Amino acid sequence: VVEPWREGLWPALRKIGLGGKPSAVTAASAPDSSKATPSVTGADASSVPASAAATGAVNPGATTSAAPTAAPAAFLKLEFGGDKTPRGKSAVHRVVSELARFRVLTAPGAVRHTLEIELRVQDPAFSYKCGDALAIDCPNRAEEVTSLLQALHCEEDADKPFVLSPAVEKKLVPDHLKIVKTLREAFTVSLDIRSMPSRGALRMLSEHCSNAEDKAALLALASKEGTAQYESHRSAGVDVADILRMFPSCRPPPIRLLELLPALPGRFYSASSSPAADPKAIRFVFNVVENSLPEGAAKQRLGLCTNWLWDKCRQVCAAPEPNVWYSNSSNSSTSSEEEACDAKVLSAMPGSLRVPLRARLVNPFHLPEQPSGPVIMVGPGTGVAPFMGFLSHRASIKADAASLQPINLYFGCRNKDKDYLFREELEGFVSSGVLSKLHVAFSRDSDSPFHYVQDALRAHGREIYEAMTEKRGYLLVCGSATKMAEAVDLCLEALIIEHGQGTHTAETARALKQTWTREQRYLRDVWG
């Protein structure tokens with residue numbers, strides 16, 4: 001017996017390029033998601049990720065134990081006409097900063113375009129410490145918001161003030177929606193419109209399809225049997241606007257997306273400065289991400305936060321030269337209307353150079369004011385950012401270098417002449433004695449003695465082992481979790497075994513690393 005929701009499923013799947021000749025394919029034998037890629041049709045198929053059509057991913061005749069799970073129930077009410085209703089308050093404490101100045105850290109021709117920005121905060125309660133990572137709450141890109149509003153057919157209502165209230169007893173308006181007053185604001189500053197809709201959201205969307213094939217295909221995509229295709233869509237960057245274009249008969253009321261889309265997350269960046277120099281100025285380093293989707297995806301997508309910050313920098317100087325600071329000479333005035341806005345809404349206003357910040361609640365990536373043992377820092381690329389803050393703070397102490405514990409940095413990049421970040425400052429720290437030793441690896445320079453930071457670590461393995469075991473030193477690692485940090489962790493394990501004079505196995509080496517982590521002497525700030 002075929003459940004009613006599966007009726008007409010194969011024609012629906014063929015319509016969006018997912019169906020093939022029916023066969024005895026079950027969930028267990030579905031194609032691997034890494035090989036299955038979405039293909040779509042619809043009002044604007046050219047803008048939707050697509051490549052080779054996957055076949056046989058879902059068998060509508062396969063036996064299943066139950067009908068699809070019901071969509072999440074509605075719990076909010078939206079009423080237009082709240083022109084005079086005051087904007088709600090978020091429980092999340094954000095401070096408004098403003099772009100004070102920026103510089104480009106990489107040379108022309110570098111693979112990555114790296115910037116350092118300085119933000120100034122006027123809030124008297126604001127403070128931070130070296131090693132802190134703060135969230136920047138950036139808005140969605142205006143063109144992506146417009147695309148979604150068009151796909152929802154609600155452009156006429158996009159800027160009408162509304163009031164949100166609970167439609168169900170014991171339910172509350174989510175915190176991230178309290179600050180918005182229009183649909184455009186909600187999709188701009190509060191909701192993650194780039195992620196693949198959840199399975200619950202897909203089931204909700206199926207309820208608003210006037211075409212039976214669209215409904216069946218959405219339910220299939222949300223089902224267990226549709227897991228391979230769901231994951232393929234997600235990895236290819238399919239978002240809610242893409243889904244609405246794949247299934248043109250789907251016309252959900254916007255309030256349902258407000259209920260079911262996740263909150264727009266902040267992007268965390270490590271401070272590259274020290275509050276000792278100026279407690280109200282904080283710097284961050286980042287690569288401008290030109291495409292945040294995997295290689296081979298049919299569409300490209302600019303990195304959200306990095307390009308938003310880069311757009312603000314270009315308002316200050318449209319064509320900056322490398323390693324030159326460009327300052328914001330404008331004095332922003334704040335109107336009474338702006339003062340009533342949340343920091344996220346304020347920063348999304350056209351032409352604004354404001355940037356909302358909030359602190360990470362738990363952040364153990366700190367050093368003691370006066371470390372009791374030597375410090376080893378490993379930070380290739382933008383991972384060097386927090387260590388610039390540590391070194392700047394150490395320089396501000398103005399203590400006799402001989403009275404300070406040794407501090408060594410392992411830095412890595414591609415080319416000495418193109419992306420050696422902070423070269424002048426780092427060499428200056430060595431000359432002044434602030435930095436004891438600087439080891440640099442260049443992965444694309446043939447004459448470099450080290451290609452990666454782990455090569456340099458291995459070359460100084462005995463020194464590192466003694467620093468951590470005999471002198472109770474500190475090892476801090478910052479950078480990519482999936483590549484560099486994992487390689488450094490394995491390298492550290494090998495160093496313990498090699499230089500432990502036969503006292504360690506792989507198991508005891510891992511246990512020793514865990515001990516250092518508990519003692520907060522092996523600290524990692526990694527991402528990705």
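None of the values given here were measured: they were computed from a predicted structure.
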Q: Test side-chain hydrogen bond (donor to acceptor under 3.5 Å, both in side chains) on Asp489 and Tyr522 and set out the steps.
A: CA-CA 10 Å; Asp489 196 62; Tyr522 179 29; 2.7 Å; yes
Q: Output the distance between atom SG (Cys317) and atom CZ (Phe102), rounded to the nearest 0.5 Å.
A: 5.5 Å
(Q) If you count heavy atoms of other groups shown closer than 6.0 angstrom to CD of Gln315, is the number above 12? (A) yes
Q: Output the distance between atom CD1 (Ile397) and atom CD (Gln370), rounded to the nearest 0.5 Å.
A: 5.0 Å
Q. Is any side-chain N of the basic residue among Glu98 and Arg120 closer than 4.0 Å to the acidic one's carboxylate O?
A. no
Q. For the residue pair Phe387 and Leu409, what are the closest heavy atoms and their distance?
A. CD1-CD1, 4.0 Å
Q: Give a yes or no on whether Glu424 atom CD has more than 12 heavy-atom contacts from other residues, nucleotides or ligands under 6.0 Å away.
A: no
Q: For the residue pair Pro374 and Glu463, establish whether any side-chain heavy-atom pair is separated by less than 4.5 Å.
A: no
Q. What are the two closest non-hydrogen atoms of Pro406 and Ser436, and how far apart are they?
A. CA-OG, 3.3 Å
Q: Indicate yes or no for a side-chain donor-acceptor contact from Asp445 to the backbone of Lys416 under 3.5 Å, with no hydrogens or angles considered.
A: yes
Q: Output, in order, the C-alpha distance, side-chain angles, deciding distance and verdict of side-chain hydrogen bond (donor to acceptor under 3.5 Å, both in side chains) for Asn140 and Thr188.
A: CA-CA 5 Å; Asn140 288 308; Thr188 298; over 6 Å; no
Q.
Tell me every residue that passes salt bridge (Lys or Arg N to Asp or Glu O under 4.0 Å) with Asp455, counting only those two or more places apart in sequence or in another chain.
A. Arg458
Q | Closest approach of Ala236 to Leu293 (non-hydrogen atoms, all atoms of both residues) | A | O-CD1, 3.8 Å
Q | Residues Asp239, Lys299; criterion side chain to side chain contact (heavy atoms under 4.5 Å, CB included); working and verdict | A | CA-CA 12 Å; Asp239 56 37; Lys299 72 175 182 179; 3.4 Å; yes
Q: Decide if atom NZ of Lys129 counts as having more than 12 heavy atoms of other residues, nucleotides or ligands within a radius under 6.0 Å.
A: no
Q.
Has Asn363 got a side-chain atom pairing as donor or acceptor with Gly131's backbone, closer than 3.5 angstrom?
A. yes
Q. Any idea which heavy atoms bring Gly473 and Arg521 closest together, and the distance?
A. O-NH1, 2.8 Å
Q) Where is the tightest heavy-atom contact between Pro368 and Pro371, given as atom of each residue plus distance? A) O-CD, 3.4 Å
Q) Below 4.5 Å, heavy atoms only, C-beta onward: do Val121 and Ser97 meet side chain to side chain? A) yes
Q. What do the steps show when you test Met196 against Leu202 for side chain to side chain contact (heavy atoms under 4.5 Å, CB included), and what is the final call?
A. CA-CA 9 Å; Met196 175 71 179; Leu202 292 177; 4.2 Å; yes
Q. Knowing that exactly one of Ile464, Val488, Val384 qualifies, which makes a side chain to side chain contact (heavy atoms under 4.5 Å, CB included) with Tyr410?
A. Ile464
**Q.** N/O donor-acceptor pair under 3.5 Å between Ser448 side chain and Ala441 backbone
**A.** no
Q | Check: Ile136 and Leu357 side chains under 4.5 Å, non-hydrogen atoms | A | yes
Q: Please check if the side chain of Asp192 supplies one atom and the backbone of Pro262 the other of a donor-acceptor pair under 3.5 Å.
A: no
Q: For Asp132 and Arg360, run side chain to side chain contact (heavy atoms under 4.5 Å, CB included): C-alpha distance rounded to whole Å, both residues' side-chain angles, the deciding distance at 0.1 Å, then the answer.
A: CA-CA 8 Å; Asp132 275 354; Arg360 179 184 285 169; over 6 Å; no
Q.
I'd like to know if the side chain of Ser223 reaches the main chain of Ala220, judged simply by a donor and an acceptor atom lying under 3.5 Å from each other, with no hydrogens or angles considered.
A. yes
Q: Can you sort out the partners of His176 under ring pair (Phe, Tyr, Trp, His ring centres under 6.0 Å), two or more places apart, ordered by chain and number?
A: none
Q) So do Gln520 and Pro364 actually touch side chain to side chain, heavy atoms under 4.5 Å? A) yes
Q) Minimum heavy-atom separation for Tyr452 to Ser443, with atom names? A) CE2-CB, 3.7 Å
Q. For the atom pair OG (Ser270) and CH2 (Trp527), what is the distance rounded to the nearest 0.5 Å?
A. 6.0 Å
(Q) Between Glu259 and Lys171, does any side-chain N to carboxylate O distance fall below 4.0 Å? (A) no
Q: May I have the step-by-step check of side chain to side chain contact (heavy atoms under 4.5 Å, CB included) for Phe429 and Leu438, ending in yes or no?
A: CA-CA 9 Å; Phe429 285 141; Leu438 172 62; over 6 Å; no
**Q.** Beyond-backbone contact of Val375 with Arg394, side-chain heavy atoms, under 4.5 angstrom
**A.** no
Q: Check whether any side-chain heavy atom of Cys130 lies under 4.5 Å from a side-chain heavy atom of Pro386, and answer yes or no.
A: no
Q) Tyr465 vs His499 aromatic rings, parallel, tilted or perpendicular, using cut-offs 30° and 60°? A) tilted
Q. Salt bridge between Arg510 and Glu493, side-chain N to carboxylate O under 4.0 Å?
A. yes
(Q) Once rounded to the nearest 0.5 Å, what's the spacing between atom CZ of Arg101 and atom CD of Glu116? (A) 8.0 Å
(Q) Check whether Lys418 reaches the backbone of Arg112 with its side chain - one donor and one acceptor, N or O, closer than 3.5 Å. (A) no
Q.
Using a 6.0 Å cut-off, check whether atom CD of Glu507 has over 12 heavy atoms from anything other than its own residue.
A. no
(Q) When you measure from the side chain of His393 to the backbone of Gly389, do you find a donor-acceptor pair of N or O atoms at a distance under 3.5 Å? (A) no
Q) Is Leu264 close to Leu304 at the side-chain level, that is, under 4.5 Å between some pair of heavy atoms? A) yes
Q) Distance from Ser274 atom OG to Met388 atom CE, nearest 0.5 Å? A) 11.5 Å
Q | Side-chain donor or acceptor of Thr106 paired with backbone N/O of Asp419 under 3.5 Å | A | no
(Q) So, using ring pair (Phe, Tyr, Trp, His ring centres under 6.0 Å) as the criterion, who are the partners of Phe411 when residues are at least two apart? (A) Tyr420
Q: Verify, without hydrogens or angle tests, whether Thr306 (side chain) and Val289 (backbone) share a donor-acceptor contact under 3.5 angstrom.
A: yes
Q.
Would the distance check show the side chain of Arg358 and the main-chain N or O of Val92 forming a donor-acceptor pair, the cut-off being under 3.5 Å?
A. no
(Q) Please report the interatomic distance OG1(Thr469) to CH2(Trp516), rounded to the nearest 0.5 Å. (A) 6.5 Å
Q) After noting the C-alpha distance and the side-chain angles of Tyr269 and Thr382, does the key distance pass the side-chain hydrogen bond (donor to acceptor under 3.5 Å, both in side chains) rule? A) CA-CA 10 Å; Tyr269 297 91; Thr382 57; over 6 Å; no
